[in-house]
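Report on one structure; see the data block that follows.
In this chain, residues are counted from 1 in sequence order. Worth saying up front: this structure is predicted, and the values here are computed from it rather than measured.
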Amino acid sequence: MFEHLNEQPKDKILALMQAYKDDPRDTKIDLGVGVYRNAEGVTPIMRAVKAAERRWWDEESTKAYTGLAGDPAFSDAMINLVLGDSVARDQVSAVATPGGTGAVRQAFELIRMANPEARVFVSDPTWPNHLSILKYLGMETIMYRYFDNATGGVDFGGMMEDLGQVRKGDVVLLHGCCHNPTGANLNTVEFKSVIDLMNDKGAIPMIDIAYQGFGDGLDEDAAATRAVASGCPETLIAASCSKNFGIYRERTGLLMAVAQDKNLQAVAQGNLAYLNRQNFSFPPDHGARLVSIVLNDDALRADWQAELEEVRTGMLALRTQLADELKTLSGSDRFGFLAQHRGMFSRLGASPDKVEKLRADHGIYMVGDSRLNIAGLNRDTVPVLAKAVIDVGI
């Protein structure tokens with residue numbers, strides 16, 4: 001049967017990573033990879049995570065499965081981290097998943113199971129895997145305007161006009177914070193308008209929150225998600241621990257289903273567990289266990305938050321430095337949006353040929369849509385990037 005398989009398109013980011021590895025230039029800069037790196041170019045294991053791992057090494061007594069939904073302590077800790085006291089615990093159903101991607105996939109599966117006719121409205125642009133999974137599942141996808149290349153901000157008027165097309169039962173996919181790939185985010189007033197629109201139309205919000213703590217702080221980055229969860233009848237939330245805990249390879253995520261009607265919690269929980277059983281049976285536990293240990297130990301949690309704050313403020317400093325360098329070289333404020341964006345990513349708004357020129361002439365690698373990973377920079381490489389951006393005419 002294998003002869004009937006078609007060649008799959010190459011993943012652009014993975015191809016970019018390979019091209020970077022093959023580039024012999026010592027001065028090359030990788031701004032395409034989607035993971036956090038420190039100034040030395042390393043994705044470190046966080047101190048609190050390492051301490052939790054040592055503790056669990058001594059305490060773990062079995063490798064037997066956890067439940068279909070994962071360890072309840074992990075769900076409780078993550079629900080508290082993401083939602084705080086915005087909704088009651090008995091309004092939330094949750095299952096552990098293999099990473100945030102697993103949570104996104106399970107959410108789409110749940111939507112399709114509950115309402116096969118539901119259309120999913122997705123920001124233009126969005127994380128490419130959103131679109132890939134939706135296409136694979138055969139779900140109708142409608143893009144709504146989001147990023148304004150001219151200003152580097154959100155095209156809120158266009159977004160609201162496009163979301164005016166939603167029908168009852170449709171799903172609106174939103175980024176909880178640190179929009180990937182643009183770095184441009186809705187403000188509080190804009191989020192309130194989106195909530196009102198969804199409620200008026202009878203649409204269901206789905207939030208992908210993958211970078212909590214990377215933008216303005218843990219609680220600040222969760223504010224929009226909490227407002228949606230408390231303000232809409234039903235909400236789906238896909239959360240990732242890959243970035244803010246630095247446990248990328250442990251594949252640790254959580255899918256939450258929030259219902260204002262508490263009578264729906266049990267049936268939602270049962271269906272989430274059912275989907276886990278169909279797709280991978282029992283979720284991985286190691287990363288989830290480390291997160292639980294960190295969040296439930298006051299000293300470890302404090303150390304984790306301190307290190308996460310260092311990561312966050314370090315990226316903000318790089319953003320400010322890059323915006324200032326570009327202001328000096330260009331003689332204008334047209335790159336000021338870089339300092340206003342949040343998270344690991346920003347989108348320069350450059351054409352693919354300019355992005356290719358950056359690679360060919362300067363050894364600077366970024367995704368073809370001009371998404372750059374701020375965490376791929378350090379104080380010494382920021383001026384190099386700024387000069388290259390001006391040299392190629394961006």
I'd like to know if [X] and [Y] make a salt bridge, using a cut-off of under 4.0 Å between side-chain N and carboxylate O.
| X | Y | answer |
| --- | --- | --- |
| R371 | D369 | no |
| D219 | R226 | yes |
| E60 | K63 | yes |
| K327 | D333 | yes |
| R145 | D124 | no |
| K387 | D391 | yes |
| K192 | D196 | yes |

Original post:
Looking only at atom types and distance, does a side-chain atom of Q265 sit under 3.5 Å from a main-chain N or O of K262, one as donor and one as acceptor?
Top reply: no

Subject >> Side-chain donor or acceptor of Q260 paired with backbone N/O of A229 under 3.5 Å >> reply: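 It does hold such a pair.
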
Subject >> L255 with L174, same ILVMFWY side-chain cluster at under 4.5 Å >> reply: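 No: no chain of side-chain contacts under 4.5 Å links L255 to L174.
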
Subject >> Hydrophobic cluster membership, M344 vs L218, 4.5 Å side-chain cutoff >> reply: yes

Original post:
Looking at side-chain heavy atoms only, is the closest gap between Y36 and M315 below 4.5 Å?
Top reply: yes

**OP:** Before giving the answer on side-chain hydrogen bond (donor to acceptor under 3.5 Å, both in side chains), spell out for T141 and R119 the whole-Å C-alpha distance, their side-chain angles and the decisive distance to 0.1 Å.
**Re:** CA-CA 6 Å; T141 306; R119 304 176 300 170; over 6 Å; no

Subject >> Closest non-hydrogen atom pair between T97 and F280, with its separation >> reply: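 Nearest heavy atoms, T97 then F280: CA-CZ, 4.2 Å.
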
**OP:** Might you point out which heavy atoms bring P125 and R347 nearest each other, and give the distance in Å?
**Re:** CG-NH1, 2.6 Å

**OP:** Mind running ring-ring contact (aromatic ring centres under 6.0 Å, His included) on Y146 and H179 for me, showing each step along the way?
**Re:** CA-CA 10 Å; Y146 186 83; H179 186 273; 4.2 Å; yes

